[in-house]
Amino acid sequence: MNQTTWKSEVKMEKIANRNLEVESAITLCICTMNRPDDLERCLKSVFQSTELPDEIIVSDDSSNAQPNQVVVAQFPTVIYQTGPRRGLGPNRNACIQKATGSHIIFIDDDVQVPPNFFALAKTAIAHSPTQTLITGYEMNHSKGEARKVVAHNPDFWGFQQVPVQDRCQAIVINATIFPCVLFAEAQFDERLRYGYEELDIARHAVALGYQICFQANLYVDHYPSTINREHYQQFVEASRLYTTTKAYWHYEQNWLKAIAFILLAPFQLLGGYLRRGNFAGAFSVARSTHLAFTYLLK
């Protein structure tokens with residue numbers, strides 16, 4: 001596993017040569033799949049903003065594009081494109097290739113932004129060094145009462161549950177501002193269909209010398225949709241196993257740690273399922289491990 005193994009398949013020349021004369025031009029990228037109702041609510045919240053982003057791109061991985069095209073047609077300034085239909089990593093990269101702003105914000109189709117979100121984002125950009133990812137938080141509305149979700153660093157197993165003290169290595173992607181210069185060096189891993197792609201890009205950025213700064217007044221409201229959730233779930237554990245191995249091997253260049261994780265992580269995952277009495281989940285360990293190794297060997 002050498003460094004070229006981890007490079008994105010997406011060509012970066014366009015990004016490296018991009019004209020970034022406007023230093024706070026924001027491109028908003030919305031990745032969507034089979035959720036026209038959520039997408040409409042998302043876009044309505046964006047257009048109720050006191051200050052709009054400079055560019056809005058919707059990249060659609062839907063099996064039937066027509067319903068989302070009808071939604072986007074209500075907002076004439078929005079750029080619509082068909083996504084690559086290979087998962088969130090490739091779809092985010094498709095947005096990057098189209099974007100022209102100096103900074104990119106990604107939100108999912110089941111997210112809504114408060115009216116002052118983009119005004120606060122531009123202020124944060126103006127007061128931050130170029131090589132900085134600015135991350136806020138989300139109010140998660142999945143279980144009735146809203147729950148505040150902030151970035152946590154990963155533990156040894158790759159779970160994001162270590163409170164940030166000094167060095168932040170994680171983001172809340174729906175409330176993060178990316179400088180486009182980052183994407184000339186690193187993009188979203190195209191092996192990842194769903195899960196942990198935001199942690200992977202954060203770790204990659206930190207390894208390249210970027211800082212991640214928390215912005216206390218920057219947040220979004222997230223209303224997690226049940227649509228696609230079952231399809232996505234089969235990839236989550238494989239993504240964690242793969243991205244954690246990748247982080248130890250490539251970003252940290254700690255091969256002993258990477259090998260220890262590869263050997264121990266499947267047993268840790270199996271033990272977790274058995275302790276919860278989830279025997280059906282235990283049978284998925286082999287599938288997740290096999291898929292993770294498939295990613296590693298690509």
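Residue indices begin at 1 and follow the sequence shown. Please read all numbers here as calculations on a predicted model, not as lab measurements.
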Any side-chain heavy-atom pair of T27 and H103 under 4.5 Å: no

Can you list every side chain to side chain donor-acceptor pair (under 3.5 Å) pair that touches residues 111-133, not counting sequence neighbours? D54-K122

In this structure, CG of D109 is separated from OG1 of T32 (nearest 0.5 Å) by 3.5 Å

Can you check side chain to side chain contact (heavy atoms under 4.5 Å, CB included) on L241 and F261, steps first, answer last? CA-CA 8 Å; L241 296 174; F261 178 80; 4.1 Å; yes

Pairwise distance CD1(I56) to CZ(F47) - rounded to 0.5 angstrom: 3.5 Å

Please tell me if the side chains of L43 and I30 come closer than 4.5 Å, counting only heavy atoms from C-beta onward. yes

Heavy-atom donor-acceptor pair, Q187 side chain to F183 backbone, under 3.5 Å: yes

Non-neighbouring partners of F106 that pass ring pair (Phe, Tyr, Trp, His ring centres under 6.0 Å), sequence neighbours left out: F178, F188

Quick one: does Q81's side chain have a donor or acceptor within less than 3.5 Å of a partner on A94's backbone? yes

First locate atom CD1 of I201, then atom OG1 of T176, and finally report the distance between them rounded to the nearest 0.5 Å. 11.0 Å

What I want to check is whether the side chains of N91 and S59 have a donor and an acceptor closer together than 3.5 Å. yes

Identify all side-chain donor-acceptor contacts of residues 209-220 below 3.5 Å with residues at least two apart in sequence or on another chain.
unit_1: Y210; atom_1: OH; unit_2: L182; atom_2: N; d: 3.4
unit_1: Y210; atom_1: OH; unit_2: E185; atom_2: OE2; d: 3.0
unit_1: Q215; atom_1: NE2; unit_2: N217; atom_2: OD1; d: 3.2

I'd like to know if the side chain of D155 and the backbone of W157 have a donor-acceptor N/O pair within less than 3.5 Å. yes

Correct closest heavy-atom pair for P36 and N68 would be CA-OD1, 3.1 Å

Close side-chain approach of K257 and F156, heavy atoms under 4.5 Å: yes

Residues passing the ring pair (Phe, Tyr, Trp, His ring centres under 6.0 Å) test with F293, sequence neighbours excluded, are none

Checking the side chain of S102 only, and the main-chain atoms of A25 only, is there a donor and an acceptor separated by less than 3.5 Å? yes

With the side chain counted from C-beta on, respond yes when Y248 and L256 share a heavy-atom pair under 4.5 Å apart, and no when they do not. no

Is there a donor-acceptor contact under 3.5 Å linking the side chains of N153 and Q160? no

Are V113 and S49 close enough, and set up right, to give a side chain to side chain contact (heavy atoms under 4.5 Å, CB included), and what steps lead you there? CA-CA 8 Å; V113 298; S49 300; 4.1 Å; yes

Identify, with sequence neighbours excluded, every residue that meets side chain to side chain contact (heavy atoms under 4.5 Å, CB included) alongside L291. F235, A238, Y295

When you measure from the side chain of Q69 to the backbone N and O of P67, does any donor-acceptor pair fall under 3.5 Å? no

So, for L192 and S239, which heavy atoms are closest and what is the spacing to 0.1 Å? CD2-OG, 3.6 Å

Nearest heavy-atom neighbours spanning M139 and A146: CE-CB, 3.7 Å

The reported gap from CD1 in I125 to CD1 in I105 (rounded to nearest 0.5 angstrom) is 6.0 Å

Which pairs, with at least one residue in residues 274-292 and sequence neighbours excluded, count as a side chain to side chain donor-acceptor pair (under 3.5 Å)? none

Among residues at least two apart in sequence or on other chains, which ones pass side-chain hydrogen bond (donor to acceptor under 3.5 Å, both in side chains) with D38? R41, S225

H141: ring pair (Phe, Tyr, Trp, His ring centres under 6.0 Å) partners, not counting sequence neighbours: Y223

Between E138 and H222, does any side-chain donor sit less than 3.5 Å from a side-chain acceptor? yes

Y137 versus V149, closest heavy-atom pair with distance: CB-O, 3.2 Å

Mind checking what makes side chain to side chain contact (heavy atoms under 4.5 Å, CB included) contact with K44, not counting sequence neighbours? E40, F75

Taking P115's backbone N and O only, do any of them form a donor-acceptor pair with T50's side chain (distance below 3.5 Å, no angle check)? yes

Pair listing, salt bridge (Lys or Arg N to Asp or Glu O under 4.0 Å) test, anchored in residues 258-268, at least two apart: none

Is the backbone of N34 close enough, under 3.5 Å, to the side chain of S62 for a donor and an acceptor to pair up by distance? yes

Is R85 salt-bridged to D61, cutoff N-O under 4.0 Å? no

Considering all heavy atoms, the nearest C180-I104 contact: SG-CG1, 3.5 Å

Electrostatic pair D108-R92, nearest N-O below 4.0 angstrom: yes

Which ILVMFWY residues can you reach from V172 by hopping between side chains whose heavy atoms are under 4.5 Å apart? none

What one should report as the nearest heavy-atom pair of D110 and P224 is OD2-CA, 3.3 Å

Using the ring pair (Phe, Tyr, Trp, His ring centres under 6.0 Å) criterion, which residues pair with F283? Sequence neighbours excluded. none

Starting from the C-alpha separation in whole Å, work towards a yes-or-no answer on side-chain hydrogen bond (donor to acceptor under 3.5 Å, both in side chains) for N93 and E190. CA-CA 8 Å; N93 286 338; E190 301 225 338; 2.9 Å; yes

R203 side chain reached by P154 side chain, heavy atoms, under 4.5 Å: yes

Closer than 4.0 angstrom, basic N to acidic O: yes or no for D189 and K246? yes

